[in-house]
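First the structure, in the form of structure tokens, and then the observations on it.
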Amino acid sequence: MVPVNYYIALSAILFIIGAMGVLVRRNALIIFMSVELMLNAANVALVAFSSANNSLDGQIFVFFIMTVAAAEVAVGLALIVAIFRSKNSINVDEINMLKG
Amino acid sequence: MNFSEAANTGLFFQLAPLLVFLPLTGMLINMIFGGKMSEKAVGTVASLASGSAFVVSVLLAYSLNAVHGELHTIPFAEWIHIGTLQLDWTFRVDSLSTVMMLVVSGVGTLIHIYAIGYMHEDVRFKDDIKRFRRFFVFLNLFIAMMMILVSGDSYLMLFVGWEGVGLCSFLLIGFWYDFDTLGQKSTANAEAGKKAFIANRVGDFGFLLAIFTTFWHFGSLQFDSVFEAATAHPDPVVISAITLFMLIGVTGKSAQVPLYIWLPDAMAGPTPVSALIHAATMVTAGVYLVVRSAPLYSLVHSASYIVAMIGAVTALFAATIAVGQYDIKKVLAYSTISQLGFMVAAVGMGAYVAGIFHLATHAFFKALLFLSAGSIILGMERGHHHLAHGHGDHDDADAHHDEEVFDPGDMRNMGNLRKQMPITFWLYMAGTLALAGIFPFAGFWSKDEILLDAKLHAEHFPGVYWLLSLAAFMTAFYMGRQIWMVFFGKERTEVAKHAEESPPVMTVPLMVLAVLAVFGGALNLPFDGFHNLGHWLEYTIGHVEGLPLDLGVAGISTVLALLAIFFSWLLYGKNPLKEGQPDPLKKPLGFLFTGMENKWFVDEGYKALVITPFEKLAKFLSIDLDWNFWHDWFHDSVLYAGFKWLAKFLSEPVDMGIINAIADKLAEWTQRSSESLRRMQNGFVRSYALSVLLGVVTILGYLLFK
Amino acid sequence: MTVDLILFLILAAVAIATALGMLLSRNAVYSALFLVLNFATVAVFYLLLGAPFIALTQVTVYAGAIMVLFLFVIMLLGTEELPKGEGLNWQKPMAVILAVVLMVEATFLIFVQEPVADLISNSPSADFGGPRAIGELLFSRYLLPFEVTSILLLVAMVGAIVLTLNKKEGGQK
Amino acid sequence: MNLTQADFYTLLPVMVLTVWAVALLLVDLFIPKERKGWTAFLAVAGLALTIGFSLSQIGQESSGFFEMVVLDGFSTFVNILLLVSGLMGISLAYSYLKRMGIERGEYYSLMLFSIAGMMLMAQASDLIVVFLALELLSIPLYVLAAFAHPQHDSGEAGIKYFLLGAFSGGFVVYGIALVFGATQSTALAGIAAAALAGTANIPLMLAGSALILVGFSFKVAAVPFHMWTPDVYQGAPTPVTAFMAAGAKIAGFAALMRVFSTAFPSLAVDLAPVLAVLAALTMIVGNVVAVSQTNIKRMLAYSSIAHAGYILMAFVAFGNPAVSATAIAAGIFYLVAYALTNFGSWSIVIALEKEDGKGLELEDYAGLGKSNPLMAAAMTIFMLSLTGIPPTLGLVGKFYLFSAVIAADMYWLAIVGVLTSLISAFYYLRVVVIMYMKDGEPKTLSEPWLNLTWIAMAAITVILGFMPASLFNWASQAIMKLF
Amino acid sequence: MDFELLPNLVTFFPLVGVLILFFIKPDNKVLVRWVALATSLATFGISLVLLQNFDASNPALQMVTNLPWITVANWNISYYMGVDGLSILLILLTTFLTPIALLSTWSAIEEREKDFNIFFLMLEVGMLGVFMAQDLFLFYVYWEFTLVPMYFLIGIWGGPERIYASIKFFLYTMAGSLLMLLAILWLGINQGTFAVPDLIALGGIPAGIQTWLFLAFAIAFAIKVPMWPLHSWLPDAHVQAPTAGSVILAGVLLKMGTYGFVRFNLPLFPEAAVKFAPIMAGLAVVGIIYGAIVSYYQRDIKKLVAYSSISHLGFVMLGLFALNSQGIQGGILQMINHGLSTGALFLLVGMIYEQTHTRDFDVYGGLWKIMPVYGTIMLVVTLSSMGLPGLNGFVGEFTILLGAFGSEAIGSAWYAGLSAIGVILAAIYMLYMYQKIFLGPEGSIVETVKEHGHALRDLSVREIITITPLLVFIFWIGLYPKPFFALIAPTVDNLVAVLQAAMH
């Protein structure tokens, strides 16, 4: 049997990669995808814990997270599209009129 | 109840407050109604106010005599009561204070009367008639303050008067505040007043410390309780401290070395002021203070010696300067300093009677001299006006300003005034002889007593006698010089030729003073059965051995004085000074005379050592330290700019700034990142995310590894 | 080393590789596809961990629906590749440093401090993690969250419409 | 499944509001475009109705939905505060939207949804509900922030808020996962129980709680999770900003209070220093940076960050039963004070804002003291209150907070608080200076709802400044249930 | 009538005027002026009734109002007002100076007069409250509240640098008072009450903590006083403030600082007070000398007077920290004296400024001749400020120096000795000022004013009326200070007893 630690470690790695994506990519869409990866990593941890704890709560939570992710995606993509229409770019580095 | 009954029962003592309030009333009347009164009326009110104070003084003296000098204190008002600090305004009538009262109000009244005439002309020469009234207001105020000084029953009341007369001195020196002594527009007179006040304040500072020390060691400021406590527990350190602190006050008020510097400048005041305040009364307050504190001074010899030496040194020092002066009033001013030195030396040696005796005679003859000098100056002014305007048209102000500067007080401009101003001449002669100490004039007796004391106490007070004798010699010399220069020889200017004699309102009081100057010695003749002043003062300062006339001392001093006058005749009388000729002493004495002429450069020394450093310090503190450093640099640059910098630093988020700095150093991207630095303002989502992650990492790090 | 472990390691390698692929791809389409692969791999993990329902949802909803949406948008906007930008030079190194530190912290947390229970327990019942068990829970204990999610989706829908409709009407009125 | 009356009762206000919001969406379809004001009134009616229900619940306690949500004094207090904030938010928006040409019915629905999410957050007693409530409050706010898009920088505000919100949401989720792994439970009570029973993996739980803290800190804009705030506050339509500054903060703090004091009291020793440092950093950065701002919205944004720092001070005592009750009561009180003052000042910002997005620089306030003395006076009161000068509510709030910190013997934190208050005086005063001491002719908008808002807020700020006791008593009774 | 409520009436009566003013049209300047003046005069009248009902022989608080105000959790805040010997004179000074200051504005303030008067009356409320509050929180409220109107008075009606000055004033004061707030909170929480008399009665604060609390309070008050080196705000505020503002600032607001010391620092932390006495006295001495020297170098009349305040208040501080009855009584009386003299100085400077619009020494000179009444009054005030015997300044300075000289707490006569130098320096800078303005030949300003079409005139009747009351008190206190000391003495004796106990 695989120790739960390994799963958590994997989830941590994925999470960190996701976070890195937010930090280093300039494409709003990819940043967004990276956030999805972070959520996904959390899901892995939850399912692993759920299995280890022998409790379905974790899995249910994963389900909700997926739903929320879907909702976020709807709003997020709409926002990105809207921004693109006015700025003709989804480079987050160019979305910096507000600063100081 | 008849008069003597009233005197015997001490009823008159209740009049003591009037000493102060009569002059004050005069002052108030002139202040409030004076504007609508004629000059004569104003002068009369003021003179009456002062004169009535004299009457009261006489009554007090009479009553005191009637009760055999028994001390009387007349409580008048509570002043400050805090805990053990009980300060009341109580009048003290004893033999010492009555002498002072008599001198002050007596001489004062005469000078008031004289001033009516003097100021009448002075205000016209200076073209500001309105100021006539102000003069008498100040003068009355001065009398009131002087009365407080001499009649107070505690050190504090003495101090009140002490400061009060200082104020009057300031006001009167600066009376012609918009002129200088030559009548030119200037701040010089005002500065002189300020100088006097400040020098006096320095003295007062010492006096204050003396008062504090007294209070905290003897628990009171009332004279008798202080003396009682002091004699009960004579702690030499404390009493030395008190007496020496007091001495600072004395040097300030009585113009002793090193604080005398204000007095010569004080001649900027109208001449009656010089006579009254800066010769006869106020400046003797220091002498009075020492005599008043006799029980303290007699307890510590070292302090007394310092007092005596200061007096003696001053006497000689000022006399040397007087020799080199050309201004008639300046000579008298330095002479006053010198004579005050005699008095201080006397009281320092414990010769209180001699000191007070000289105080009184000096008041007479020095007032006489000053007022006569005033008469001379006015005479010169009259001559000057006569020449300038033909008919003495005072109103032509413009013409007045355009004239060449003429100094009516410069002895080099005079000469042979005996002819133009005969009355003044004779009066002046009386004063001069008294001052020079020629038998039998008043000065002879009092000065001799001091010299005798100095001689007798030479073992305890070494050097004093010689200094004083030398000073006495110089005194006779410079007075002789003055007489020859002013009254004899040829007129050195046109003005001198046209000088005019003064009116009776001025000369009559002078005559009274002249009489006093001639016969004043009668106060305390050194013969058995006389010693009147000594006996009178015994009531206050205890028994004093009346000294007999010492022919040796008297002879030496008389010979010295005559010799000095002879020398002066040789130098100034035999070959009168010509116009523009330098002083004959200049050659033989060389740099010494330069020193005398320039007052030994003391003023310059003060300027270099005290005033300039002070101004520099003030400038440094206010401009550099307080404003540039503290206000601008510290507040604006450090606090404000530092804060702004911090705000800016943080607003380009702090973590970014730090990271930036580190990154720059690590990778040496400095050049390349200058462009990105500019763009690295805010507004980048990714940077914000970085900040979030940084927070996460930090918090987790802390929680996991703490 | 058990088979499970070997399988895990292989899959983990794939998952990490695909995640890195997403992170590093210059082209957004590749990124999206890598992410789909990653999701699929993770779904296998879910199966391994006894969560078949979640695994299925992962594939259909996440990998299928959501990622397709992403692809759509990428294509729609034509933003597969961004022009090379300058700026924020220090951002990447800092991110890497932070990632490394975070990694260290995670390792410390997971393996050093009080390690989490060592083994995954065997699936206790056949139905553990199956649709039925999940469904029952969802409609009893988790009814409220379930309802909230529905509202959430509604809100998201409205929001998406508001944001895009705004533009269509020309923005200004 | 059997839903009981208790289930409904517990969540009654939230449900009413949600249903109303859904209904409003539908009704809005039938309201003509030029009459969108009706939607606003309907939304106000819904809020009023909900306030009525909430008021009726004062003093009631219950729990429902398998203890996923609770109703207690605390939640009722926060609910009412949130609903009132909603009311004010709408009163600010009513004329603004029309003026800016972005008046749409969805605005009000989205607001109601967001409020529902906030209320749910205050009532949640399970991490799953907390998470969902967080999303429910956030998603409408993302949309609202971008509501004026493409005008001004509204879109930018929206996307920044969204991306960073989602990013921080990831941390919350991962945190919850860790806590779940450590304690086998997502229920707040269950977590606390596991920790108490010793079955929990404490390091994991600690890490999880820290990540959850990050999420909340993001919502309340604590340093260093604050950086979105100025940009978003500036870019978002002003009424949204005002609502966000109050509502999101209240909800965030409410959840923080409930989660941390219910689920993690055992971690207090470890977390308190973290909170203290966060509070200090937040106060320092917020106040210091505010000084260099020239845009009033940005300045108020930093001010709101700073105030988050003050409120955070109330938490440093959490876990110390002797002082934490009053401390948290003080925190709630401060929240109220902040919310009221906040709405007051934002409403004046709106009154001066121009259609073209101008009128938001500080210099635009020059001469307000002359041209509109009453408004300037109100603004002055708000600024004084934010600074903490008597006779205002702000002083009392600071007084309570600082005394709580001192009671907890955290003197250094109190001193940081005091010093940063001093710094804050600098920029708040600048507004006053500009209004009264510089010349200008600012045009102000006079609109009944707006006027009502700032006049009422100014009055309340002063009156409560004199008589804060009853409000504070209510606040302290409200938090009793948490301990 | 229930006299117990008098303190409240005095404090809040100016609000009546504020209310009336709200309903007057700003254009109606005459009415605005009269309403404000009448209100302040009425307040003064009421404060005289207060004085009449004040039992000078009773050292305790009198006419007390003590109502619970905020009693939640562990805070017991009360609305606690009362009067005792420490405050009665300052209350009277406040009510006395306010109408005078208001009267002086009739020609000086030309725009927004209504606002000005409203702020001024509000300021009076705050100041009176400060002197009467006996609850720390209440005190803090009043204390901070005074900042606001003063801030506006400087910032709106001040000179060219008014904004800078007003902000500096605000921030400096607030900086100190925030630390005080922390100390207040510590006391309130740990001692269970905010009421000062109760706190004094409770006592028992450990010496170590007393030190910190003392410092926290002291910094707040020292900034207000201002003691060297925290004085940097003062020259700015004074110079920029309008005349009436300067009068009140110097006359009353600065006294809040010294009052704070004697009201709170000394009785609440007696041990710390004893411990700090030499340090505080040292700072006071530095302030005396420093302020005096710096004054001397000023070329702006107002600035000179401002710096002289630093010197004068140094005397007050020295007296207070002598911790004996001479020092403290002298200190309190000197607060009044400084209020009168410096208030009068600012008024007089304002009067000439209205005519000449400059305060630069260099253009002045010889005014005594042109304006004899003005010159004479100025002379009296100058002398009072210098501490000439017979005028009020002397009584205060003398008792202070005397007290400090023998103070057991300060422990060395050096402090008083050095401070006495301040007496010399005062003469130097005050006479310098007097000379520059009034003596010497006429300055260029005479011509300048003439060129503008009107000659310099002597004081108007209104101006004389404004200044005369101050002169009366300058003489009264100088000649017969007994009634004033009588009001202070019993309370101070009590205080001294506490301090003596702490010393041994």
Side-chain angles (χ1 to χ4, degrees), chain B residues 77-85 87 128 130-131 134 145 148 156 159-164 166-167 170-171 174 177-179 185-191 193-194 197-198 200-202 204-205 208-209 211-213 215-217 614-615 617-619 621-623 625-627 630-631 634-635, chain E residues 168 229 231-233 235-236 290 293-298 307 324-326 329-330 365-366 368-369 372 379 383 386 388-390 394-395 398-399 401-403 405-406 413 416-417 420-421 423-424 426-429 431-432 434-435 438-442 479-482 485-486 489 492-493 496:
Chain B
E78 270 183 33
W79 199 28
I80 304 174
H81 281 198
I82 303 176
T84 50
L85 178 69
L87 298 173
D128 187 357
K130 280 193 221 152
R131 238 180 271 191
R134 191 184 292 172
M145 286 301 167
I148 293 179
L156 193 68
F159 184 76
V160 171
W162 186 271
E163 285 261 290
L167 166 69
F170 160 76
L171 291 172
Y177 51 77
D178 38 1
F179 296 99
K185 288 283 182 187
S186 163
T187 55
N189 289 357
E191 305 258 8
K194 196 176 76 182
F197 205 141
I198 290 166
N200 269 304
R201 272 255 157 162
V202 176
D204 298 348
F205 157 74
L208 262 183
L209 294 187
I211 289 180
F212 297 148
T213 319
F215 176 77
W216 286 106
H217 284 99
F614 175 76
E615 294 207 324
L617 175 72
K619 184 178 174 196
L621 283 184
S622 59
I623 302 293
L625 186 68
D626 198 79
W627 206 253
W630 202 243
H631 180 276
F634 182 73
H635 181 270
Chain E
K168 201 168 176 182
H231 62 277
S232 190
W233 63 270
D236 286 309
Y290 182 93
I293 295 179
V294 172
S295 295
Y296 172 72
Y297 208 76
Q298 300 309 316
Y307 275 109
N324 52 24
S325 36
Q326 287 90 358
Q329 288 197 37
W368 203 358
K369 195 167 176 182
L379 181 66
L383 294 171
M386 277 166 52
L388 190 88
F394 176 74
V395 179
F398 178 78
T399 43
L401 287 174
L402 185 100
F405 196 84
I421 295 177
V423 176
I424 305 175
I428 295 179
Y429 68 80
L431 289 180
Y432 175 77
Y434 192 78
Q435 180 202 321
F438 293 96
L439 306 182
E442 283 172 9
L479 296 172
Y480 194 58
K482 192 184 167 195
F485 279 124
V492 171
D493 287 343
V496 171

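Residue numbers begin at 1 in each chain, while the letters A, B, ... track the order of the sequences.
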(message) Please classify the contact between B/F212 and chain E as side chain, backbone, both or neither, with a heavy-atom cut-off of under 4.5 Å.
(response) both
(message) Working to the nearest 0.5 angstrom, can you tell me the gap between E/I428 CD1 and B/F197 CZ?
(response) 11.5 Å
(message) Main chain of E/K369, side chain of B/Y177: is a donor-acceptor contact present, judged purely on distance under 3.5 Å?
(response) yes
(request) Check whether any side-chain heavy atom of E/L379 lies under 4.5 Å from a side-chain heavy atom of B/L171, and answer yes or no. (result) yes
(message) Using heavy-atom distances under 4.5 Å, tell me whether B/D204 contacts chain E through its side chain, its backbone, both, or neither.
(response) neither
(request) Measure E/L383 against the heavy atoms of chain B and call it side chain, backbone, both or neither at under 4.5 Å. (result) side chain
(request) Identify the heavy atoms of B/L209 and E/A420 that sit nearest to each other, and give their distance. (result) CD2-CB, 4.2 Å
(message) Looking only at heavy atoms and a cut-off of under 4.5 Å, which of B/D128, B/V160, B/D178, B/V202 has the most pairs with chain E?
(response) B/D178
(request) Tell me whether the centres of the aromatic rings in B/F159 and E/F394 are closer together than 6.0 Å. (result) yes
(request) Quick one: pull up CG in B/L617 and OH in E/Y290 and give me the separation to the nearest 0.5 Å. (result) 10.0 Å
(request) Could you tell me the separation between the CD atom of E/Q329 and the CG atom of B/L85, rounded to the nearest 0.5 Å? (result) 9.5 Å
(message) Quick check on the interface: out of B/I211, B/L156, B/N200, who has the most heavy-atom pairs with chain E under 4.5 Å?
(response) B/L156
(request) Determine yes or no for a side-chain-to-main-chain donor-acceptor pair under 3.5 angstrom, with B/W216 supplying the side chain and E/L402 the backbone. (result) yes
(message) Is there a side-chain contact between E/V423 and B/F205 in this structure, where contact means two heavy atoms from C-beta onward sitting under 4.5 Å apart?
(response) no
(message) Please classify the contact between E/Y432 and chain B as side chain, backbone, both or neither, with a heavy-atom cut-off of under 4.5 Å.
(response) both
(request) Would you confirm whether the ring centroid of B/F614 sits within less than 6.0 angstrom of the ring centroid of E/Y296? (result) yes
(request) Sort E/W368 into side chain, backbone, both or neither according to what part of it lies under 4.5 angstrom from a heavy atom of chain B. (result) both
(request) Count the heavy-atom pairs under 4.5 Å between each of E/P481, E/A486, E/S325, E/A489 and chain B, then report the option with the highest count. (result) E/P481
(request) Tell me, for E/D493 versus chain B, whether the close heavy atoms (under 4.5 Å) come from the side chain, the backbone, both or neither. (result) neither
(message) Counting C-beta onward and ignoring hydrogens, is there a side-chain heavy-atom pair between E/Q435 and B/E191 closer than 4.5 Å?
(response) yes
(request) Can you tell which part of E/E442 gets under 4.5 Å to a heavy atom of chain B, answering side chain, backbone, both or neither? (result) neither
(message) Ignoring hydrogens, what is the shortest heavy-atom contact between B/A190 and E/G440? Give both atom names and the distance.
(response) CB-N, 4.3 Å
(request) Go through the atoms of B/L208 and report whether side chain, backbone, both or neither lie under 4.5 Å from a heavy atom of chain E. (result) side chain
(request) Mind checking the CZ-CD1 spacing from E/F485 to B/I80? Nearest 0.5 Å is all I need. (result) 5.5 Å
(request) To the nearest 0.5 angstrom, please state how far the CD atom of B/E163 sits from the CG atom of E/L388. (result) 5.5 Å
(request) Determine the option with the most heavy-atom pairs under 4.5 angstrom with chain B, choosing from E/W233, E/Y429, E/F398. (result) E/F398
(request) Nearest 0.5 Å please: distance from the CZ atom of B/F170 over to the CG atom of E/L439. (result) 5.5 Å
